[in-house]
Amino acid sequence: MNNFIENLPKAELHLHIEGSFEPSLMFKIAKRNNIEIPFKSVQEIEDAYKFSCLQDFLDIYYQGANVLQTEQDFYDLTYSYLQKCAAQNVRHTEIMFDPQTHTDRGILFETVINGISKACNAAKENFGVTSLLIMSYLRHLSEDDCFKTLEQSIPFKDKITAVGLDSSEKGNPPSKFAKVFEASVKEGYIPVAHAGEEGNADYVWEALDILKIKRIDHGNNSLQDAKLVQEIIKRDLALTVCPLSNTALQVVKDLKEHPLKKMLNLGLKVTINSDDPAFFGGQVNENYKQIQQALDLSKETLYQLAKNSFTYSFLDAETKNKYLAELETYYQNNK
Ligand code: ADE
Ligand code: ZN
């Protein structure tokens, strides 16, 4: 089964580039930039990665990101993630980045976007991995602050496909960002949002009805409301589920209790993703492997999950069909 997963062509639709920052690269970049980090060894960093909730994790995640200063740093971070994609048969990835995490400490928007997008171009050239970018607003900040980020992004619009909403969910409902999402859509960005990770079903409703999202990041708590589940199905919105993130942040107690199978049985379109792989114990293939074991998923289900990852990507129809055809051949030859 693990071999089937490793070779399965797939896409990753929920990945924070800052969350892919491995301790070893963090040390290397900290040294290069002469920045003190509050950890003495890779082991100390790994020991600190024990979280009891989303906020616990976010405090450490933002600390790590402080090390990133130059275009080269953002390039190295992104290229390192894309190398891992190639090794895992991830054909396509939709990468979230949090500009405010960097611009709020004086790094220019262009430094961030140029480093990330140059790495994406190089990875396409060197490994054939395609990618697109999702600019995520930090929901613990004000809507005015997000408007500033939207303005800064305009000269780089051709490099950005979608806007997202992440960070501390509780107390920061989607409705707080109604205007900036409306303006973002006017600029041509596709709206997505984290919803129903720690927040309740009413936050998912708001993300649907007010932000008009085209995909739901996490969405676990949608299951609280049967009407909402029906609405998500009616609108044909996929959920970007992140199993190891869910257990690391104690959204789900144990993988064996993960609602993924229930979601599929209800007719929800689920995809498997790593969220913040450097912090949560595994890349996307590890997420597939562990959830497969915990829920005893069949090859057919794994194929369906990979199929959803391409179908619900924001790729153009031609590229999407190319990947879907490759997946189909793989499945027919290996089922
Ligand atoms: N930022 C990075 N990972 C996140 C997550 N799982 N939820 C909310 N914001 C995040
Ligand atoms: Zn996330």
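Side-chain atoms are counted along with the backbone in the values below, which use heavy atoms only and exclude waters and symmetry mates. First listed ligand is number 1; within each ligand, the first listed atom is number 1.
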Under 4.0 Å from a heavy atom of Glu197: which atoms of ligand 1 are those, numbered in the order shown and with their elements?
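Ligand 1 atoms under the 4.0 Å threshold to Glu197: 5 (C), 6 (N), 7 (N), 8 (C).
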Between His16 and His14, how do the two ring planes meet: parallel, tilted or perpendicular, split at 30° and 60°?
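Judged by the thresholds at 30° and 60°, the geometry between His16 and His14 is perpendicular.
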May I ask you to check if ligand 1 and Ser245 share an N or O to N or O distance below 3.5 Å?
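No, Ser245 has no N/O under 3.5 Å of an N/O on ligand 1.
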Check this for me - ligand 1, Ser167, N or O atoms closer than 3.5 angstrom, yes or no?
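Yes - when backbone and side-chain N and O of Ser167 are compared with those of ligand 1, one distance drops under 3.5 Å.
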Hey, does the side chain of [X] reach the backbone of [Y] with a donor-acceptor pair shorter than 3.5 angstrom?
| X | Y | answer |
| --- | --- | --- |
| Arg139 | Asn172 | yes |
| Glu198 | Leu54 | yes |
| Asn89 | Leu8 | no |

Please state which part of Leu54 comes within less than 4.0 Å of ligand 1, counting heavy atoms only: side chain, backbone, both or neither.
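Within the 4.0 Å criterion, Leu54 contacts ligand 1 through side-chain atoms alone.
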Applying a 4.0 Å heavy-atom criterion (strictly less than), which segment of Glu169 is in contact with ligand 1: side chain, backbone, both, or neither?
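Neither; nothing of Glu169 gets under 4.0 Å from ligand 1.
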Gly19 heavy atom under 4.0 Å from ligand 1:
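Contact check Gly19 vs ligand 1: negative.
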Could you check whether any heavy atom of His218 sits closer than 4.0 Å to an atom of ligand 1, since that is the contact criterion I want to use?
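Right, His218 reaches ligand 1.
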Residue pair Gln63 / Asp59, side-chain donor-acceptor N/O under 3.5 Å:
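There is no such pair (donor and acceptor under 3.5 Å, judged by atom type) between the side chains of Gln63 and Asp59.
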Would you mind reporting whether Phe314 and Leu13 have side-chain heavy atoms less than 4.5 Å apart?
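Leu13 does not reach Phe314 side chain to side chain.
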Just wondering, do Asp145 and Gln100 contact through their side chains at under 4.5 Å, heavy atoms?
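In contact.
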Given the rule that I, L, V, M, F, W and Y join up when any side-chain heavy atoms are under 4.5 Å apart, are Leu150 and Leu132 in one cluster?
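No, no single cluster joins them.
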For atom 6 (N) of ligand 1, which candidate among Asp276, Leu15, Asp275 holds the nearest heavy atom?
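Minimum heavy-atom distance to atom 6 (N) of ligand 1 goes to Asp275.
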Identify the closest protein heavy atom to atom 1 (N) of ligand 1: which residue and atom is it, and at what distance?
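Protein heavy atom with the smallest distance to atom 1 (N) of ligand 1: His16 CE1, 3.6 Å.
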What's the atom name of the N, O or S in His16 nearest to the Zn ion (ligand 2)?
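The nearest such atom is NE2.
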Have a look at Asp275 and say which of its N, O or S atoms is nearest the Zn ion (ligand 2).
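Answer by atom name: OD1.
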Is there an N/O/S atom in His194 that lies less than 2.8 Å from the Zn ion (ligand 2)?
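Yes, His194 qualifies, because one of its backbone or side-chain N, O or S atoms lies under 2.8 Å.
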